[in-house]
Number of protein chains: 2
Amino acid sequence: MAEPLQLETGLTLAEQVTAALQRAIVTGEFAPGSKLNEPELARRYGVSRGPLREAISRLEARRLLSVTPNSGARVIALDTAELIALFETREALEGQAARLAARRMAEVDIAELSGLLDAHAAQIAADGGCAYYQDEGDFDFHYRIASGAGNALLKGILLDDLYQLLRMYRFRLSVSEGRAEQALNEHRQILAAISDRDADLAEMLMRRHVAAGRKRFEQSQSEYSAPALTH
Amino acid sequence: MAEPLQLETGLTLAEQVTAALQRAIVTGEFAPGSKLNEPELARRYGVSRGPLREAISRLEARRLLSVTPNSGARVIALDTAELIALFETREALEGQAARLAARRMAEVDIAELSGLLDAHAAQIAADGGCAYYQDEGDFDFHYRIASGAGNALLKGILLDDLYQLLRMYRFRLSVSEGRAEQALNEHRQILAAISDRDADLAEMLMRRHVAAGRKRFEQSQSEYSAPALTH
DNA sequence: CAACCAGATTTTGTCGACAACCCTTCAATT
DNA sequence: AATTGAAGGGTTGTCGACAAAATCTGGTTG
């Protein structure tokens with residue numbers, strides 16, 4: 001259903017529509033590959049097509065939409081190769097973020113993130129790591145590392161672009177049984193390296209952490225194309 | 001002067017204005033920090049404010065403009081810390097690009113790039129490495145590595161976002177005497193590693209190459225804040 | 001029966017106009 | 001003299017309408 005854009009002050013309509021539309025895309029309300037109808041969307045959000053088109057332009061630059069002239073905007077649809085490319089890019093950027101966080105993250109932020117990991121541990125113990133909250137916890141951790149790097153550009157690319165794509169596809173990247181504990185453990189190791197101000201180790205561990213996700217995904221894909229190998 | 005937007009077919013006015021405006025920003029025609037006047041720009045490019053505002057929205061998402069509601073758009077103005085952040089981000093992405101290029105770049109592209117480096121060498125020998133052409137040669141090299149990585153996302157972030165920022169500020173990042181030969185030498189080493197399919201070495205060399213640029217810039221900045229050391 | 005070609009309809013691209021807001025100017029007040 | 005406040009002009013934000021393009025429909029023809 002259409003939520004007609006709760007009105008916030010200080011923001012332009014175009015910005016509010018951008019946020020609402022991005023949210024709808026990322027939560028899967030608009031499926032990957034589906035076409036966006038401008039008059040319909042404009043009615044839905046209660047705005048004219050002007051601000052809506054500005055929002056579409058923004059989201060195109062953020063790589064969430066792909067528009068073809070005279071044909072319209074479609075939600076981006078990543079194939080397997082492009083999802084792997086997303087992991088590869090994250091690996092580089094998040095590795096660097098961890099490296100820089102080891103140099104620059106404030107002690108108080110490290111302590112707070114440590115507490116957050118305790119909360120994640122409790123949650124996993126309680127509900128066995130329900131996939132949704134597990135993902136949210138994972139995003140939380142990576143979000144804070146990206147913020148702790150003290151590099152606004154790096155943070156912006158990760159939060160505004162890559163994490164949104166990742167959120168879109170989290171259902172395809174769903175984690176396996178017992179993965180939650182392992183991920184939490186890796187988070188702890190990364191944070192320990194940051195706390196030790198060991199930049200090299202922090203980067204290496206983060207890269208492995210992201211690469212592990214990519215490899216699990218590659219594995220899950222190759223099972224379909226070559227199912228004979230695993231049983 | 002106003003070049004009223006040479007008309008190309010198949011592209012939206014908004015897209016053409018985006019390209020023209022980005023070009024004007026990147027070449028320094030609009031200085032960093034300067035304000036963009038919408039009616040004036042619309043007249044200049046011979047379009048209405050609709051497509052112009054879409055172009056502004058796109059360039060804001062690409063981090064070339066920063067717009068504040070009800071106040072307008074300004075060309076981005078990077079301070080020293082933000083330029084360092086740009087180098088740090090490039091270091092991670094270009095390092096990864098070199099790593100992936102070592103795995104995926106086609107032999108024919110490697111050979112062609114090798115020939116391009118020969119041309120650069122000849123150019124440096126001829127005119128002593130005039131700063132402008134030297135920069136263009138540098139961009140050429142990095143552009144091809146980014147393309148050779150076989151990762152459209154990584155390539156897009158580098159070409160659409162980071163390299164544009166870099167071009168904007170190349171005058172502040174101008175190279176010193178004799179730097180051209182050294183850069184060319186580093187390019188040769190990187191390409192050799194790629195040709196050997198040595199991903200680890202290619203990444204390391206590229207990271208050092210970018211880091212060297214960052215360090216020269218940091219050096220040039222600290223000279224002003226602490227001039228007594230080098231007098 | 002398939003392919004192709006009009007006509008009609010929907011959708012996108014663009015424009016000009018109006019309203020809201022910001023900044024400047026300048027006069028009045030403390 | 002400095003600050004405040006109101007009027008004015010200018011800029012931004014938004015809208016509805018028109019024109020061009022694409023898509024859909026149905027009928028015709030090979």
Side-chain angles (χ1 to χ4, degrees), chain A residues 2-22 24-25 30-31 33-62 64-77, chain B residues 2-22 24-25 30-77:
Chain A
E3 47 179 294
L5 206 62
Q6 56 180 356
L7 42 100
E8 296 182 29
T9 61
L11 292 180
T12 60
L13 277 184
E15 288 174 301
Q16 295 174 253
V17 172
T18 304
L21 188 51
Q22 170 167 313
I25 293 170
F30 298 127
S34 61
K35 187 166 172 335
L36 299 187
N37 184 304
E38 292 185 9
E40 181 185 327
L41 274 180
R43 275 196 308 274
R44 166 178 175 147
Y45 294 122
V47 300
S48 75
R49 284 176 52 224
L52 177 70
R53 283 177 62 88
E54 290 183 27
I56 290 176
S57 297
R58 280 189 179 83
L59 294 181
E60 184 198 13
R62 284 186 196 170
L64 287 180
L65 296 176
S66 90
V67 341
T68 35
N70 294 318
S71 171
R74 309 189 86 89
V75 178
I76 203 81
Chain B
E3 48 179 293
L5 204 61
Q6 54 182 0
L7 42 100
E8 295 183 32
T9 61
L11 290 181
T12 296
L13 275 185
E15 288 175 300
Q16 295 175 255
V17 172
T18 303
L21 187 51
Q22 169 167 313
I25 292 169
F30 298 127
S34 62
K35 188 168 172 328
L36 299 187
N37 184 304
E38 291 186 8
E40 183 185 326
L41 274 180
R43 274 196 309 275
R44 164 176 175 149
Y45 293 122
V47 300
S48 76
R49 284 176 53 224
L52 178 70
R53 283 177 62 88
E54 291 183 26
I56 290 175
S57 297
R58 280 189 181 77
L59 295 181
E60 184 199 13
R62 285 187 196 167
R63 295 165 236 276
L64 287 179
L65 296 176
S66 91
V67 341
T68 33
N70 294 319
S71 171
R74 309 191 86 88
V75 179
I76 203 79

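Naming convention: chains lettered A, B, ... in sequence-line order (proteins, then strands); numbering from 1 in each chain.
- B:Arg62 and B:Gln22 form a side-chain donor-acceptor contact under 3.5 Å, judged by distance and modelled atom types alone.
- Spacing between atom CG of B:Asn70 and atom P of D:dT14 amounts to 8 Å, rounded to whole angstrom units.
- Across A:Ala73 and A:Leu65, no two heavy atoms sit closer than the pair CB-CD1, 4.5 Å.
- Closest heavy-atom contact between B:Pro69 and A:Glu15: CG-OE1, 3.4 Å.
- Side-chain proximity of B:Ala14 to the nucleotides D:dT12, C:dT14, D:dT14 is greatest for C:dT14.
- As rounded to whole Å, 13 Å separates atom P of C:dG16 from atom CZ of B:Arg43.
- Taking the side chain of A:Ser48 as heavy atoms from C-beta on, and the options D:dC15, C:dT11, C:dC15, the nearest nucleotide is D:dC15.
- Here D:dT11 is the nucleotide among D:dC15, D:dT11, C:dT11 with the atom lying nearest to any side-chain atom of B:Lys35.
- The side chain of B:Thr12 sits closest to C:dT14 out of D:dT14, D:dC15, C:dT14.
- A donor-acceptor pair under 3.5 Å is formed between the side chain of A:Arg74 and the backbone N or O of A:Gly33.
- Of the residues near DNA chain D, A:Gly50 and B:Pro39, the one whose nearest nucleotide (by heavy atom distance) lies more toward the 5' end is B:Pro39.
- One can place CZ of B:Arg49 at 8 Å from P of D:dG13, the figure rounded to the nearest angstrom.
- Note: CD (A:Glu54) to P (C:dG13) measures 14 Å, nearest angstrom.
- Atom CD in A:Glu38 sits roughly 13 Å away from atom C1' in D:dA22 (whole-Å rounding).
- The separation between A:Leu65 atom CG and C:dT12 atom P is 12 Å, rounded to whole Å.
- Taking both residues in full, the closest heavy atoms of B:Arg58 and A:Ser57 are given as NH1-OG, 3.6 Å, listed atom of the first, atom of the second, then distance.
- In this structure, B:Leu36 reaches the sugar-phosphate backbone alone: every heavy-atom distance under 4.0 Å involves primed, P, OP1 or OP2 atoms, never a base.
- Put simply, CG on A:Leu52 is 16 Å from P on D:dG13, counting in whole angstrom units.
- A straight line from CZ of A:Arg53 to P of D:dT14 spans 16 Å, rounded to a whole angstrom.
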